[in-house]
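Read through the structure below, which is laid out as structure tokens, and then see the notes.
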Amino acid sequence: RAGVPHVAPERSPLSATMGVDLPMLPGMSFRDPREPVAKRAQTLNFINGYAVPGERTRRAAPAVHPEPAPAPVAPAQIAPKRTTGLPMSTLPKFIEYDRKVLRWNAFFKETVSDNPIENHRVRKCVVYMYLEDESVYVGEPRQVNSGISQGSFLKRHRIPVDDNGRFFSWADIAVGAPVTFYGRSFYVVSCDQFTREFLTSKGVDVQDDEPFPDDQIDLYRTSMRKDTVNFPYPPAPRHDALAAYVEAAAGAPSHTLVADKLEKFLANDGKVLRFFAVWDDRGAMYGEKRPFVVHYYLADDSVEVLEVAEPNGGRDPFPVFLKRQPLPVTRQSARLGGVGKTQNVSHLDLRIGTTINVHGREFLIHDADQFTKGWYVANEGFTLEDDFPFVEVNEQPGPVPQNAVPPYNGFGGFADSLQNCVALIPKPVRPDFDKQMMYTNTVLRFKAVMVGDDTGIAKYVPTEHDVTREFIVSVYLSNDTVAVFEPPDRKAQVVGGKFLERQEALKPNSPEKYTAVDMYAGAKVVLFSRCFLLTEADGYTHGFMEQHGPSFPRSDFAQVISRLAQLVVGKEERVVRAFESIGGPSVDEKQLQRALELAGVDVCAQECVTVFRRLAGGADVVHAKDVTSELGIVQ
């Protein structure tokens, strides 16, 4: 139309870039993938692995077309890198100040109207500040009969200082200065020791503590309190002979002239002396020695006896043996006309080591509690050493009869057969699971030969062919079982195989079984009437036994040397000559054992192996001087 300028339609951003004329309509607008992504600003910095608030950083999107590089700037003109200003800390604030609370004592004055006694009241409060988040809690300690709703005055939260977003911190509260929370002004008078040390470590000069101001109502109540010590009103009653005479002459009844029991009750109410006693009734049929507790009430001089229920005592739970009542010193028999005035047990009759008669039953007092001892020391002048001796009432228990275990008959395992003697219904033997898990694959192997038994325990006499046979004795540490294997020998026409199945092997004429401790080089083992001599062991067996020296004393170098050093005392020259005659300066394992045996030293093969392995260090021979020096022989 005339007078209206022509306005070109708005085009898509891709029109100028891709050369395509697209209208600015929904579905016709596309983002150029070559444009950089405008990332959001980062507001956190990471210090020591913790995210802390920092300054907002913005990244300018790079231009699509490259711009010429700026001119180099001198180092002095480069602005320093802006930092957050936060101190480097190894712990975050909520961990460093966890359960750390600052405490101040403060007060504020509350106006009191229409009261002639006071015109204001001092309200004492305690201000707590939790350092982990700098939150504040104000509490008012409760006072007896104050008539004021006290307790939590201000709940825990962060209190703003002003409208600028700043909150109260520990630097805003000081001793000797007021502090205002939501229009209520508190005057801080003191703080605790932890608060003072904390503020001092931060460089704050903490003022000295001040006392709370005097409250008018407290001063008034103090002035109205009567002085009952200097001016008693009414006067204290008298209990002497003159007062009793005057009251009797005035016509007072006779029962009012006795001692004032009310005063004694008020002075000793709740005070009970407790003694521990026993009643030995074993002289009667089915009698026994039974423990009791004797209570003496100082308020009215009455006695109560309680029975101590013992576990599995076989008695009904009747705790009260004697109801609380005055206890006569001696047993009174019923007679015509009554028994008259009787003398009752007093606190002086109850002494440690003495007996009291409880209606014909003799109770031995052997101990008392701490309150009773302290009361006698404070009121009667007793001493703990002289008046409270130790009295032993517990007798030594007699030997418990044990069922005799019959001898092992040889059928089944010893532990399985023993269950028939322990329980009516035998239960399977529980294995040692810890030992099985620890030594599952641990096997000690020894080379052995069959020999004759000089003691006669082994009934089998080996033949000439048996003497030439060799065996492998294996000891399994997981369950202490023994197996014997015979290796094949084609020259001797020995087929070989299992000689003894893996099983528990009992010692001759004993219910004990062989264990790894009984196996060592030079030991004789009797297995099912056959005597085996263990001649040597493999390297793993020697190393295992040396590692567990306390369990295998013949493989512990220190124990072996200590024993041999005692045996060679007085035989030093014989030992030196034996080494010189056998091997010269160096000897092997066999020569070491032969030299010690020639010198008259009782030594087994396992001990010689232990000494040789330690001194040789993997060599085939060992110097004789090293052996003699270890034995304490000076050449």
- [ ] Step by step, work out the side chain to side chain contact (heavy atoms under 4.5 Å, CB included) result for H542 and M545.
- [x] CA-CA 5 Å; H542 286 305; M545 291 191 297; 4.2 Å; yes
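- Between K590 and E536, none of the side-chain N atoms (NZ, or NE/NH1/NH2) sits under 4.0 Å from a carboxylate O, so this pair counts as no salt bridge.
- Summarising the local packing, NZ of K435 is surrounded by more than 12 heavy atoms from other residues, nucleotides or ligands at distances under 6.0 Å.
- A donor-acceptor contact shorter than 3.5 Å links the side chain of T200 to the backbone of R196.
- Separating the CD1 atom in I561 from the CG atom in L631 is a distance of 5.0 Å, to the nearest 0.5 Å.
- What you find for A505 and L527 is that their closest heavy atoms are CB-CD2, 3.6 Å.
- Put simply, the residue from D386, D367, D387 that forms a salt bridge (charged side-chain N to carboxylate O under 4.0 Å, His left out) with R351 is D387.
- Annotation: side chain of V320 is in contact with side chain of L306 (closest heavy-atom distance under 4.5 Å).
- In summary, R282 and D280 engage in a salt bridge, as defined by a charged side-chain N under 4.0 Å from a carboxylate O.
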Open item on the list: Please evaluate residues K513 and D518 with respect to the criterion salt bridge (charged side-chain N to carboxylate O under 4.0 Å, His left out), reporting the C-alpha separation (whole Å), side-chain torsions for both, the decisive distance (0.1 Å), and the verdict.
Closed with: CA-CA 10 Å; K513 61 181 179 180; D518 303 321; over 6 Å; no
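- When all heavy atoms of T515 and M519 are compared, the pair lying nearest together is O-CG, 3.6 Å.
- Put simply, CH2 on W170 and NZ on K100 are 13.5 Å apart, with the number rounded to the nearest 0.5 Å.
- Contact of the F388 side chain with the Y376 side chain is registered, since non-hydrogen atoms from C-beta on lie closer than 4.5 Å.
- Across every non-hydrogen atom of V560 and R554, the tightest pair is CG2-O, 3.5 Å.
- Residues S555 and Q606 bring a donor and an acceptor atom of their side chains to less than 3.5 Å of each other.
- The closest side-chain heavy-atom distance from V526 to K507 is not below 4.5 Å.
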Task: Check against salt bridge (charged side-chain N to carboxylate O under 4.0 Å, His left out), E310 and K289 - done: CA-CA 12 Å; E310 295 180 330; K289 197 173 185 179; over 6 Å; no
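- Not a single donor-acceptor pair under 3.5 Å links the side chain of D316 to the backbone N or O of F318.
- Within 6.0 Å of CD in Q493 there are 12 or fewer heavy atoms belonging to other residues, nucleotides or ligands.
- E589 and Q593 are not linked by any side-chain donor-acceptor pair at a separation below 3.5 angstrom, with hydrogens and angles left out of the test.
- L131 has its side chain within reach of F198: a pair of non-hydrogen atoms, C-beta onward, lies under 4.5 Å apart.
- Under 4.0 Å is where a charged nitrogen must lie from a carboxylate oxygen, and between D281 and R361 no such pair does.
- In plain terms, the two heavy atoms of H465 and R469 that are nearest each other are O-CG, 3.2 Å.
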Open item on the list: Please determine whether side chain to side chain contact (heavy atoms under 4.5 Å, CB included) holds for the pair Y297 and E304, giving the CA-CA distance in whole Å, both sets of side-chain angles, and the decisive distance to 0.1 Å.
Closed with: CA-CA 8 Å; Y297 294 85; E304 179 187 40; 2.7 Å; yes
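- The aromatic rings of F292 and W279 are tilted relative to each other, their planes meeting at an angle between 30° and 60°.
- In this structure, H347 places its NE2 atom where more than 12 heavy-atom neighbours from other residues, nucleotides or ligands lie under 6.0 Å away.
- Closest heavy-atom contact between S478 and Y439: CB-O, 3.1 Å.
- Considering every non-hydrogen atom in both V622 and L615, the closest pair reads CG2-CB, 3.5 Å.
- Checked by atom type, the side-chain pair D626/S629 shows no donor-acceptor distance below 3.5 Å.
- In this structure, the side chain of H366 does not engage the main chain of L364 through any donor-acceptor pair within 3.5 Å.
- Using the six-membered ring where Trp is involved, F552 and F544 have ring planes that are perpendicular, over 60° apart on the 30 and 60° scheme.
- Within the 4.5 Å cutoff, side-chain heavy atoms of R315 are placed close to those of E307.
- When atom types are taken as modelled, the side chain of K571 and the backbone of G600 share a donor-acceptor pair closer than 3.5 angstrom.
- Expressed to the nearest 0.5 Å, how far OG of S586 lies from CG of L592 amounts to 12.0 Å.
- In this structure, E607 pairs ionically with R563, as a charged nitrogen and a carboxylate oxygen lie closer than 4.0 Å.
- Annotation for K447: atom NZ does not count as buried by contact number, only 12 or fewer foreign heavy atoms lying within 6.0 Å.
- For the pair E486/V484, no side-chain contact is recorded, criterion being any heavy-atom separation below 4.5 Å from C-beta on.
- Here the CZ-CG distance, from R103 to D192, works out to 4.5 Å after rounding to the nearest 0.5 Å.
- Remark: side-chain polar atoms of D556 are not paired, donor with acceptor, to backbone N or O of P553 under 3.5 angstrom.
- Distance CE/M450 to CZ/R530: 6.0 Å, rounded to 0.5 Å.
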TODO: List the steps, then state whether side chain to side chain contact (heavy atoms under 4.5 Å, CB included) holds for D588 with D620.
DONE: CA-CA 6 Å; D588 56 7; D620 296 335; over 6 Å; no
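- In terms of modelled atom types and a separation under 3.5 Å, the side chain of S529 and the main chain of Y460 share no donor-acceptor contact.
- Listed for the Q325 side chain is a donor-acceptor partner under 3.5 Å among the backbone atoms of K323.
- Summarising the local packing, CD of E392 is surrounded by more than 12 heavy atoms from other residues, nucleotides or ligands at distances under 6.0 Å.
- Expressed to the nearest 0.5 Å, how far OH of Y514 lies from CG of D480 amounts to 13.5 Å.
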Open item on the list: Pair K625, F579 - check side chain to side chain contact (heavy atoms under 4.5 Å, CB included), show working.
Closed with: CA-CA 9 Å; K625 291 184 178 180; F579 277 107; over 6 Å; no
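- The shortest side-chain heavy-atom distance between C421 and N403 does not fall under the 4.5 Å cut-off.
- Proximity of V473 to V482: side-chain heavy atoms (C-beta onward) are separated by under 4.5 Å at one or more points.
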